[in-house]
Amino acid sequence: MPHTPREPVEPNPFSDDELRVWRGFLALHRTVTGELSHRLEREHGLTLVHYGVLITLVTVPDRRLRMTDLAERVLLSPSGMTRAVAWLADRGLVERERDPGDGRSFIVSLTPDGLRRLREAQVTHHACVRELLLDAAGPGELGRLAAFFERARPDHHGNDG
């Protein structure tokens, strides 16, 4: 009988439950973000990235951030953020100005039109997330899910509080 090389075995394979959780998470993420993106574009002319920029700006003091900080919070590359901010600025939803403390950087701020457009889009965002995710949780499950996701966040690991 000819010798056949042994295939490497899977290192530390997932248990059945671990695999179900991972696959479920991926499918849920794809479904929710895909439908959310579709609805935001169709009903408000915003991509999910544009919505992410607007929602991030509304949550910070003075509704303004340095472009590099904004990119980090929205999880975009610098070039992706440059394109997103340019698109939003062309429509009057944000303003860009040179950072007076660092002439190489830009500050991005939310405009009144940007806030109005965000608030309109939030109606769609909240309805979609409730429909596809939150409404599936039974009584008492939302609190447990929230606690789980807080613990699982990468920036939480190693922190006691």
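Everything numeric in this text was worked out from a predicted model, so none of it was measured.
Partners of F14 under the side-chain contact (heavy atoms from CB on, under 4.5 Å) rule, at least two apart in sequence or in another chain, are E18, L19, W22. Legend: residues meeting side chain to side chain donor-acceptor pair (under 3.5 Å) with R104, ordered by chain and number and at least two apart, are D102. Partners of E35 under the side chain to side chain donor-acceptor pair (under 3.5 Å) rule, at least two apart in sequence or in another chain, are R39. Taking the side chain to side chain donor-acceptor pair (under 3.5 Å) definition, one finds that R96 meets it with nothing, sequence neighbours left out. With sequence neighbours excluded, no residue forms a side chain to side chain donor-acceptor pair (under 3.5 Å) with H29. Shown here are the side-chain contact (heavy atoms from CB on, under 4.5 Å) partners of V123, two or more places apart in sequence or in another chain: there are none.
Each ring pair (Phe, Tyr, Trp, His ring centres under 6.0 Å) pair with one or both residues in residues 77-129, not counting sequence neighbours, appears once here: H50-W87, Y51-H125. The salt bridge (Lys or Arg N to Asp or Glu O under 4.0 Å) analysis of residues 19-34, with sequence neighbours excluded, yields the pairs D17-R20. Each side chain to side chain donor-acceptor pair (under 3.5 Å) pair with one or both residues in residues 114-123, not counting sequence neighbours, appears once here: R116-E120, R119-Q122. Pairs engaging residues 133-149 under the salt bridge (Lys or Arg N to Asp or Glu O under 4.0 Å) rule: none recorded [sequence neighbours left out]. Residue pairs that meet the salt bridge (Lys or Arg N to Asp or Glu O under 4.0 Å) test with at least one member in residues 41-63, sequence neighbours left out, do not exist here.
Between the CG atom of L36 and the OG1 atom of T47 there is a distance of 10.5 Å, given to the nearest 0.5 Å. Distance check, rounded to the nearest 0.5 Å: CZ of R64 to CG of D99 gives 8.5 Å. In this structure, CG on L118 lies 4.5 Å from CD1 on I55, to the nearest 0.5 angstrom. Here the CG atom belonging to L145 is positioned 8.0 Å from the CG atom belonging to L133, to the nearest 0.5 angstrom.
Contact annotation: the side chain of L88 never approaches that of V108 to less than 4.5 Å [non-hydrogen atoms, C-beta and beyond]. The closest side-chain heavy-atom distance from V94 to L54 is below 4.5 Å.
Results of the side-chain contact (heavy atoms from CB on, under 4.5 Å) test with L110 over V58, T56, L93 single out V58 as the only residue that passes.
Residue-environment remark: CG (D16) stays at or below the threshold of 12 foreign heavy atoms within 6.0 Å.
With hydrophobic clusters built from ILVMFWY side chains whose heavy atoms lie under 4.5 angstrom apart, V53 shares a cluster with V60. A continuous path of Ile, Leu, Val, Met, Phe, Trp and Tyr side chains, each step under 4.5 Å between heavy atoms, connects L115 with L57, placing both in one hydrophobic cluster. The hydrophobic cluster containing V49 also contains V85, counting ILVMFWY residues as joined when their side-chain heavy atoms lie under 4.5 angstrom apart, directly or transitively. Both L142 and V129 belong to a single network of hydrophobic side chains, linked directly or stepwise wherever heavy atoms of I, L, V, M, F, W or Y lie under 4.5 Å apart.
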N/O donor-acceptor pairs under 3.5 Å from side chains in residues 70-81, not counting sequence neighbours:
{"residue": "S77", "atom": "OG", "partner": "S79", "partner atom": "OG", "Å": "3.3"}
{"residue": "S77", "atom": "OG", "partner": "G80", "partner atom": "N", "Å": "3.0"}

